[in-house]
Student: 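This is the structure I have questions about; it appears just below.
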Amino acid sequence: MSRIKPYPVSPVRPVPAAIARPEYVGRPGPRPYHGSPVQTPETIEKMRQAGRIAAQAIAETARHIAPGVTTDQLDAVAHEFICDHGAYPSCLGYRGFPKSICTSVNEVICHGIPDARPLESGDLVKIDITCFKDGVHGDNCASFGCGPLDQASADLMARTKEAMERGIRAVRPGRQISVIGRVISAYAARFGYGVVRDYTGHGVHTAFHSGFIVLHHDEPSLTTVLEPGMTFTIEPMLTLGDYRSHVWDDDWTVVTNDFSRCAQFEQTLVVTESGSEILTQP
Ligand code: MF3
Ligand code: CO
Ligand code: CO
């Protein structure tokens, strides 16, 4: 299995002028968020709308995964879908990110930049899409096989989805946020999988990354108590080998140090009175 290498990146895709941009576009980075982690019902309803477009965009983009298709072509499909639905692709221009979505293949953990690399049969492809609409973001990610996957990769993918779902089911008001990483890492440990620590879930709403952190590994010192109205992502990245990572010279692409494969699933959710509701639903 050959290692993923960087390929040329196409020019920035234009976004129609009528589509509202997040505040960070055209600036080096976002303004820090100092508001509450708890969102109003109005903000949450807007997040359902942004989240729906983000979820539908993944489904539409994933239909195009096939050997020979480049990740830049996937970016084009997603970009057009998102703009056609009146939303802005949140990644584009976020801290200088040059494309509309993240496409992370095989040993790339996350933040892969769509480029001219043609997908190969057997590739494990993560598509991470965030949409901004009506002042709020919805952020989700899913993993797919390009053609048939080897058994280890297929198992990793299915179990990473299950790990995310267990993390989501653990969310309840009154519990500490550390319960999420505890259930995810306990499940991953059954299979000897690595749990990526350098990248985390996060508060998301009017801010893309609010500063509120959701760990996927077991860290009991995180004592923040979950409250109804909190909105954040759960987005475990599990690896077939070691969890440690490094970043390419492009300052974005995150790769496992041992080049073991990684799978990821992500949803944006809101804490409810009885548990949680997923806001990134098609
Ligand atoms: N969507 C990613 C996340 O899950 C963030 C991508 S930031 C980008 O948090 F700049 F790389 F697009
Ligand atoms: Co996220
Ligand atoms: Co994401």
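In this text, all values refer to a predicted model and were calculated from it rather than measured experimentally. Each ligand, and each atom within it, is numbered from 1 in the order the structure gives. What you see below is based on every heavy atom in this structure, not just the backbone, and it leaves out hydrogens, waters and symmetry mates.
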Student: For ligand 1, which atoms have a heavy atom of H202 less than 4.0 angstrom away?
Tutor: 3 (C), 4 (O), 9 (O)
Student: Any chance the side chains of S143 and K161 put a donor and an acceptor closer than 3.5 Å?
Tutor: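 Judged by distance alone, the side chains do not pair up.
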Student: Can you tell me which residue and heavy atom of the protein come closest to atom 12 (F) of ligand 1, and the distance to 0.1 Å?
Tutor: C91 SG, 2.8 Å
Student: Say whether E107 and T256, considering side chains only, have a donor N or O and an acceptor N or O under 3.5 Å apart.
Tutor: no
Student: With sequence neighbours excluded, tell me which residues meet side-chain hydrogen bond (donor to acceptor under 3.5 Å, both in side chains) with R48.
Tutor: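 In terms of side-chain hydrogen bond (donor to acceptor under 3.5 Å, both in side chains), with neighbours along the sequence ignored, R48 is linked to E45, E277.
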Student: I'd like the atom name of the N/O/S atom in H202 lying closest to the Co ion (ligand 2).
Tutor: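 Closest N, O or S atom of H202 to the Co ion (ligand 2): NE2.
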Student: Using a 4.0 Å cut-off to any heavy atom of T130, which atoms of ligand 1 qualify?
Tutor: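 Once the distances to T130 are compared, the set is 1 (N).
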Student: Heavy atom under 4.0 Å from ligand 1: found in C102's side chain, backbone, both, or neither?
Tutor: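 Side chain only.
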Student: Any side-chain to backbone donor/acceptor pair from K126 onto C262? Under 3.5 Å, distance only.
Tutor: yes
Student: Considering only protein heavy atoms, which is closest to atom 7 (S) of ligand 1, and at what distance to one decimal place?
Tutor: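 Its nearest protein heavy-atom neighbour is Y94 CD2, 3.9 Å.
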Student: Any luck finding a side-chain donor-acceptor pair between S245 and D198 under 3.5 Å?
Tutor: yes
Student: Can you tell which of Y199, Y24, F97 gets a heavy atom nearest to atom 8 (C) of ligand 1?
Tutor: F97
Student: One thing to verify: whether E42 and K46 come together as a salt bridge, which I'm taking to mean a side-chain N less than 4.0 angstrom from a carboxylate O.
Tutor: no
Student: Side chains of T70 and D72: any donor to acceptor distance under 3.5 Å?
Tutor: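 Looking only at side-chain atoms, T70 and D72 do not form any donor-acceptor pair under 3.5 Å.
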Student: Looking only at protein heavy atoms, which one is nearest to atom 1 (N) of ligand 1, and what is the separation?
Tutor: D128 OD1, 3.0 Å
Student: A quick test of your reading: do over 12 heavy atoms of other residues, nucleotides or ligands sit less than 6.0 Å from CZ of R197?
Tutor: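 Yes, the 6.0 Å shell around CZ holds more than 12 heavy atoms from other groups.
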Student: Any donor and acceptor pair, going by atom type alone, linking the side chain of H216 with main-chain N or O of E235 inside 3.5 Å?
Tutor: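 Yes; judged by distance alone, with no hydrogens or angles, the pair exists.
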Student: May I ask you to check whether D139 has an N/O atom sitting below 3.5 Å from an N/O atom of ligand 1?
Tutor: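 Yes.
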Student: Judging by distance only, is a nitrogen or oxygen of H209 under 3.5 angstrom from one on ligand 1?
Tutor: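 Yes - when backbone and side-chain N and O of H209 are compared with those of ligand 1, one distance drops under 3.5 Å.
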Student: Using a cut-off of 2.8 Å, how many protein N, O or S atoms sit around the Co ion (ligand 3)?
Tutor: 4
Student: Got a sec: does the CD of E80 have more than 12 other heavy atoms crowding it under 6.0 Å?
Tutor: no
Student: Looking just at side-chain N and O atoms, do H111 and Y199 make a donor-acceptor pair shorter than 3.5 Å?
Tutor: no
Student: Which of the atoms of ligand 1 are close to F208, meaning less than 4.0 Å from one of its heavy atoms?
Tutor: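 Those atoms are 1 (N), 5 (C).
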Student: Is there a donor in the side chain of T43 and an acceptor in the side chain of H205, or the other way round, less than 3.5 Å apart?
Tutor: no
Student: Using heavy atoms and a threshold below 4.0 Å, how should the contact between E235 and ligand 1 be classified: side chain, backbone, both, or neither?
Tutor: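 Within the 4.0 Å criterion, E235 contacts ligand 1 through side-chain atoms alone.
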